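See below for the structure under consideration.
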Amino acid sequence: MNDLDLTTHRLQPGQPVNLSEIETDGKAFHDDRDAAEEEFEALVEELAEWQRRLYAEGRQKLLVVLQAMDAGGKDSTIRHIFGRTNPQGVQVHSFKVPTAQELAHDFLWRIHQRVPGKGMIGVFNRSHYEDVVVVRVDRLVPESVWRARYEQINQFERLLADTGTTILKFYLHISKKEQRKQFQERIDDPSKQWKFSFDDLEKRKQWDGYMAAYSEALARCTTGAAPWYVIPGDQKWYRLLAVARVLVGTLRQMNPAYPAPERDLSGVVVE
Ligand code: AMP
Ligand code: MG
């Protein structure tokens with residue numbers, strides 16, 4: 001089994017981040033789509049086996065955070081990567097515009113309730129990072145409020161890590177050009193139109209503001225316990241491979257094991 005490289009797209013704590021200078025083109029990292037798809041297939045099978053072990057072991061927790069601009073591939077990544085895992089052990093949560101009840105609490109209240117318990121993989125489709133990105137760009141709270149959140153997020157993630165949660169955060173990084181292509185496909189395909197919203201076009205107009213907000217969030221909230229990965233997203237095949245490599249590589253390190261039977265089973269025959 002080859003060792004998987006976990007560092008290619010991983011940010012370092014303290015590293016300055018400027019997303020507009022980070023590659024979105026997967027072809028800069030891989031030139032063979034067929035080989036990538038073949039490797040991905042094998043990794044997805046392996047992931048399903050690790051997930052069975054994690055669940056059976058019932059000790060460790062894995063949190064996967066996905067953020068991206070609209071049409072950046074969050075939904076498709078979840079479907080392709082976790083499609084073969086056991087739904088009993090994988091919980092996917094999509095965080096939308098907060099409800100009145102959620103807004104009546106601190107911003108981490110709704111998040112904390114959804115973090116994975118022992119044996120579970122939790123997948124966040126959007127997350128507490130919306131509270132330092134969309135909230136900042138749309139000026140939903142004063143700067144002093146969102147600025148304090150970087151440290152609050154780091155403390156929160158530290159708490160999760162200290163209590164047995166492995167945290168992986170992926171920013172799926174698409175170009176503005178690729179977003180246009182994806183939006184147009186949604187508009188032109190009746191089975192995808194439901195995914196399109198006019199609000200997406202408003203957000204697209206604020207692209208630079210989003211890049212600045214994401215860049216700062218990724219830089220300030222990359223810690224040893226909870227690193228961000230910036231995944232080139234313009235080619236689906238590379239995006240999927242890059243995420244799968246990090247997930248499987250991490251699970252290999254976590255190395256969950258099937259528990260031993262409660263008693264020695266040798267010679268036990270069921271009548
Ligand atoms: P979608 O993922 O396309 O279903 O859209 C969900 C929407 O909810 C996106 O526009 C997010 O920016 C928005 N959203 C998620 N969390 C928050 C938040 N904490 N504050 C404001 N908007 C949010
Ligand atoms: Mg949307």
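Just so you know, ligand 1 is whichever comes first in the structure, and atom 1 is the first atom listed for that ligand. None of these values were measured; they are calculated from a predicted model.
- Distance check: His93 NE2 to Phe124 CZ gives 6.0 Å after rounding to the nearest 0.5 Å.
- Salt-bridge formation is detected for the pair Arg220/Glu216: a Lys NZ or Arg NE/NH1/NH2 atom is positioned less than 4.0 Å from an Asp or Glu carboxylate oxygen.
- Remark: Glu21 pairs with no residue by the salt bridge (charged side-chain N to carboxylate O under 4.0 Å, His left out) rule, at least two apart or across chains.
- Salt-bridge check for Glu41 with Arg84: passed, with a basic side-chain N closer than 4.0 Å to an acidic carboxylate O.
- Nearest non-hydrogen protein atom to atom 22 (N) of ligand 1 is Val134 CG1, 3.6 Å.
- Remark: minimum distance from atom 3 (O) of ligand 1 to any protein heavy atom is reached at Arg126 NH2, 3.8 Å.
- By the 4.0 Å N-to-carboxylate-O rule, Asp162 lies close enough to Arg158 to be salt-bridged with it.
- Comparing Val97, Val133, Ile111, Val137 against atom 8 (O) of ligand 1, the shortest heavy-atom distance belongs to Val97.
- Shortest contact from atom 4 (O) of ligand 1 to any protein heavy atom: Lys96 NZ, 2.4 Å.
- The existence of a salt bridge linking Asp70 and Arg126 is confirmed by a sub-4.0 Å separation between a basic side-chain nitrogen and an acidic carboxylate oxygen.
- Within ligand 1, counting atoms from 1 as listed, the ones closer than 4.0 Å to a heavy atom of Asp131 are 19 (N).
- Looking from atom 20 (N) of ligand 1 to the surrounding protein, the closest heavy atom is Pro98 CD, 3.4 Å.
- Residue contacts with ligand 1 for Lys74 are absent, since no atom lies close enough (heavy atoms, distance under 4.0 Å).
- Note on Val246: it does not cluster hydrophobically with Ile22, by side-chain heavy-atom contacts below 4.5 Å among ILVMFWY residues.
- Considering only residues two or more places apart in sequence or on other chains, Trp146 meets the ring-ring contact (aromatic ring centres under 6.0 Å, His included) condition with none of them.
- Counting heavy atoms under 4.0 Å from ligand 1, residue Val135 touches it through the side chain alone.
- Counting heavy atoms under 4.0 Å from ligand 1, residue Arg110 touches it through the side chain alone.
- Scanning all protein heavy atoms for the shortest distance to atom 11 (C) of ligand 1 gives Glu130 OE1, 3.5 Å.
- For Lys203, the heavy-atom gap to ligand 1 drops under 4.0 angstrom.
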